[in-house]
There are 2 protein chains.
Amino acid sequence: MSSGPGAKLKDVAALAGVSVGTVSNVLNRPEQVSVDKKSRVLAAIDQLGFVRNESARSLRSGSTRSLGMLVLDVRNPFFTDVALGAENVAEDHKHSLILANSAEDTGRELAYLDLFEQQRVQGVLITPFGQVLERLETMRARGIPSVLVDRLARTDQFCSVSVDDVAGGATALTHLLSVGSVRPAFVGGPFTLQQVEDRYRGAADAAEAAGVSLQLFETPDLKFERGRQIGDLIGNLQPDKRPDAVFAANDQLALGLLQSFAANGLRVPEDIAIVGFDDIDFASQSSIPLSSISQPRHLIGERAAQLLFDEIDDENGHVHSQVVFTPELVARQSTRRHTPAITQHG
Amino acid sequence: MSSGPGAKLKDVAALAGVSVGTVSNVLNRPEQVSVDKKSRVLAAIDQLGFVRNESARSLRSGSTRSLGMLVLDVRNPFFTDVALGAENVAEDHKHSLILANSAEDTGRELAYLDLFEQQRVQGVLITPFGQVLERLETMRARGIPSVLVDRLARTDQFCSVSVDDVAGGATALTHLLSVGSVRPAFVGGPFTLQQVEDRYRGAADAAEAAGVSLQLFETPDLKFERGRQIGDLIGNLQPDKRPDAVFAANDQLALGLLQSFAANGLRVPEDIAIVGFDDIDFASQSSIPLSSISQPRHLIGERAAQLLFDEIDDENGHVHSQVVFTPELVARQSTRRHTPAITQHG
DNA sequence: CCTTTGTAATGAATCGATTCATTTGTGAAC
DNA sequence: GTTCACAAATGAATCGATTCATTACAAAGG
């Protein structure tokens, strides 16, 4: 198990007194090797500290045991959770997952796709940022299939795993109404983001169905700071013109609103209720625990990886499918119904 | 730029009417190739959609352009930030970074080290969990050096990049005293974690130097839930026996405390001040922004990668060094001095 | 005109494991 | 005793790029 650097298959074979083919068989088809030779080989491997050279293995065998995964932001726990789900499945298939970060940068996105191709990964999980579908098609033509994650494939050329943002938006707004809101508002943007668009549409439709109008605060991004800014704006409105509940397009914005309201002396949920989207860890860890719409992150990663292996293993018979999960409400204190009889202190 | 799968160097050479050696030169030493042949080769590459096979490249050249990085928890933004810093440096060296997650599991840790060895990465950045130093030594003997991240190397056999937790602890406690605390407490554990031990020691020493006693609430882990639990415990103490300020060993704990205090009607910082450690994003995004001790995460990753390349590039002349950063206080509302004259509302 | 020098280009050998057609060995069946 | 079937083991060919010793050619110098 110790010894000098660079022992190779040949050395192991020599020490064990067998052929290189046999050593390779011990590694790859142990059931075809007699017990005594197998143990001699294993002993030799141990003694020499032999580590198989993966480059050589995959060059000859034509298959790397790895998948590539390209996400928009590794710092975002949503994506790391999805990645962990995918990694679980990859592990079951004895593959490893190479995680890369496009950081919402077209150049980086293409560079990593190049890298994945050079590494000859068996398949790619990707949340696309730029216009890469065509590129992904040519990659598939060259034998590297891909699955879209957190994006609905509009064509039937791809498998995809996503979440029904329209339904999520509807759920959020219905919840606000159910806890007594009569002047709800939506905070989020830009509407060029499909997910923002969908979440808003779901909420707007639900409001209309209930005969309530939905106020709109459009933002250029979904960041915390922006939430604080909009929160200050809302806090300065006359109490009778101020929304009594807010649906924020994601939790970052919602946390920004929450901080601003706390600073401006607005009570949550008594003066104004808040529901976010994503249910990141910190939603539940906020001083006033934040209600949110939760996506099955781990499951998204798992399903995506399963679909990918499905295509890898059955190149021809595979039919693409679109998996759409319905997100669920997690109600917490930020939308607790305010019962006037019992004034809450906490 | 498109076309069928699997074009190889040989095909490119044939199409361009040159030898394979020349094509390889275009890829690796373009300055040694005449302009016209170079352009013909590039045209052929484009036409065939040739993508170089990285396995073959690294098998022959004996060098993979990649580093391995093994962290305790990819979900923790601290580690992703460190990884991004390391990735920047790797990129400058035209290397890619393979990020893996030991998830504080000895088995996974060893499995990934195996994987890195098989992949023949050029070097490893690691925050060790189990007893792997010996293993890392044999890896180095086989040509794969490593640098310890967020851990001080006790031997001079390794480079390491870490943070002075003792100093950080002292800073935290001194700060609490400076904003008027007379009954400070420390929350954290287990003390088998070096970092907890160090942070406590720093704080305890600072307290002693100031002639103040430091109350200790020891915890079996550093998670949010635990913080809430301890928070409830503290909240139930008699006001005159209750600490007037808490230093939490990390921000997760601190956020748990914060939530508990809010729920129990304790005002922060008026009734009790809180300072955390790590300065994660959500420290500043909490309803009551949390003071914290900030570590230069990005810089830690950069320095670690630089040290690693230093050893990779200069195998022999390299001398190991220990880089220790001093963390800095970021004071926010959770430790704002309470001036009795002006009662704060926000 | 011959030699020298230097730049471009060539292509066979090579990296280390896997594969597979072939050989060896063993026991059963006739 | 010969044949057959089957399992175990062999080792040469192979994957696709890189490397490097060698060749080709042109320009410069004498």
Side-chain angles (χ1 to χ4, degrees), chain A residues 4-42 44-45 48-66 94 114-115 117-120 122 142-143, chain B residues 4-42 44-45 48-66 94 114-115 117-120 122 142-143:
Chain A
K8 17 181 148 172
L9 210 53
K10 200 170 53 172
D11 304 324
V12 175
L15 180 59
V18 300
S19 71
V20 292
T22 299
V23 178
S24 177
N25 283 336
V26 170
L27 261 37
N28 302 302
R29 317 173 177 68
E31 73 285 357
Q32 293 189 14
V33 181
S34 67
V35 195
D36 65 325
K37 294 220 165 174
K38 185 155 47 188
S39 65
R40 267 159 58 198
V41 168
L42 291 175
I45 286 177
L48 293 174
F50 166 79
V51 178
R52 89 126 93 30
N53 184 321
E54 177 64 19
S55 295
R57 208 215 100 252
S58 56
L59 171 59
R60 176 61 237 241
S61 74
S63 123
T64 61
R65 304 195 152 293
S66 61
K94 299 187 180 309
D114 283 350
L115 190 68
E117 264 197 291
Q118 290 174 197
Q119 313 234 85
R120 299 292 193 273
Q122 300 297 104
R142 290 180 195 150
Chain B
K8 17 182 149 171
L9 209 55
K10 199 170 52 171
D11 305 324
V12 174
L15 179 59
V18 301
S19 71
V20 292
T22 299
V23 179
S24 178
N25 282 337
V26 170
L27 262 36
N28 301 302
R29 316 174 176 67
E31 73 286 358
Q32 292 189 15
V33 181
S34 66
V35 194
D36 65 328
K37 295 220 166 177
K38 185 155 48 188
S39 65
R40 268 157 59 197
V41 167
L42 291 174
I45 287 177
L48 293 174
F50 167 79
V51 178
R52 90 126 89 35
N53 184 320
E54 176 65 19
S55 295
R57 208 216 99 249
S58 56
L59 171 58
R60 178 60 240 242
S61 74
S63 123
T64 62
R65 306 193 152 295
S66 61
K94 298 187 182 308
D114 283 350
L115 190 68
E117 263 196 291
Q118 291 176 196
Q119 313 235 84
R120 300 289 194 274
Q122 301 296 106
R142 292 182 194 147

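Predicted model, so just to flag it, every value in this text is computed and none were measured. Here is the naming used below: chain letters follow the sequence lines, and residue numbers restart at 1 for every chain.
- Interatomic distance, A:R60 CZ to B:S55 OG, rounded to the nearest 0.5 Å: 13.5 Å.
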Check your understanding: Hey, mind stepping through A:R120 and B:V51 against side-chain contact (heavy atoms from CB on, under 4.5 Å) and telling me if it holds?
Key -> CA-CA 9 Å; A:R120 299 292 193 273; B:V51 178; 3.7 Å; yes
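- Here the range on DNA chain C touched by chain A, meaning any atom under 4.0 Å from one of its heavy atoms, is C:dG16 to C:dT19.
- Here B:S24 lies in heavy-atom contact (under 4.0 Å) with a base.
- Note that CD of B:E31 and NZ of B:K38 are 7.5 Å apart. Values are rounded to the nearest 0.5 Å.
- B:R120 comes within 4.0 angstrom of nothing in the nucleic acid, heavy atoms only.
- Comparing B:D36 and A:L59 against DNA chain C, the residue whose closest nucleotide sits nearer the 5' end is B:D36.
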Exercise for review: Show your working on side-chain contact (heavy atoms from CB on, under 4.5 Å) between A:N28 and A:R52 and close with a plain yes or no.
Suggested key: CA-CA 11 Å; A:N28 302 302; A:R52 89 126 93 30; 3.3 Å; yes
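- Among the protein residues, B:G62 comes within range of no part of the nucleic acid, since none of its heavy atoms lies under 4.0 Å from any strand.
- For the side chain to side chain contact (heavy atoms under 4.5 Å, CB included) with B:I45, the qualifying choice from B:L15, B:D11, B:V12 is B:V12, the only one to do so.
- Taking only side-chain nitrogens and oxygens, A:S19 never comes nearer than 4.0 Å to OP1 or OP2 of D:dA9.
- Over its full length, the helix from C:dC1-D:dG30 to C:dC30-D:dG1 turns its helical axis through 50°, comparing axes from the five pairs at each end and rounding to 10°.
- B:L27 is listed as a side-chain neighbour of B:F50, based on a closest heavy-atom distance under 4.5 Å.
- At a threshold of 4.0 angstrom between heavy atoms, the contacts of A:V23 with the nucleic acid are absent.
- Taking CZ of B:R65 as the reference point, atom CZ of B:R57 lies at 5.5 Å (rounded to 0.5 Å).
- Within the model, atoms CG of B:N53 and OG of A:S58 stand 7.0 Å from one another, a figure rounded to the nearest 0.5 Å.
- Residues A:K10 and B:V33 both approach DNA chain C. Their nearest nucleotides, taken by heavy-atom distance, put B:V33 toward the 5′ side.
- Across all strands shown, B:N28 has heavy atoms under 4.0 Å from sugar-phosphate atoms exclusively, and none from any base.
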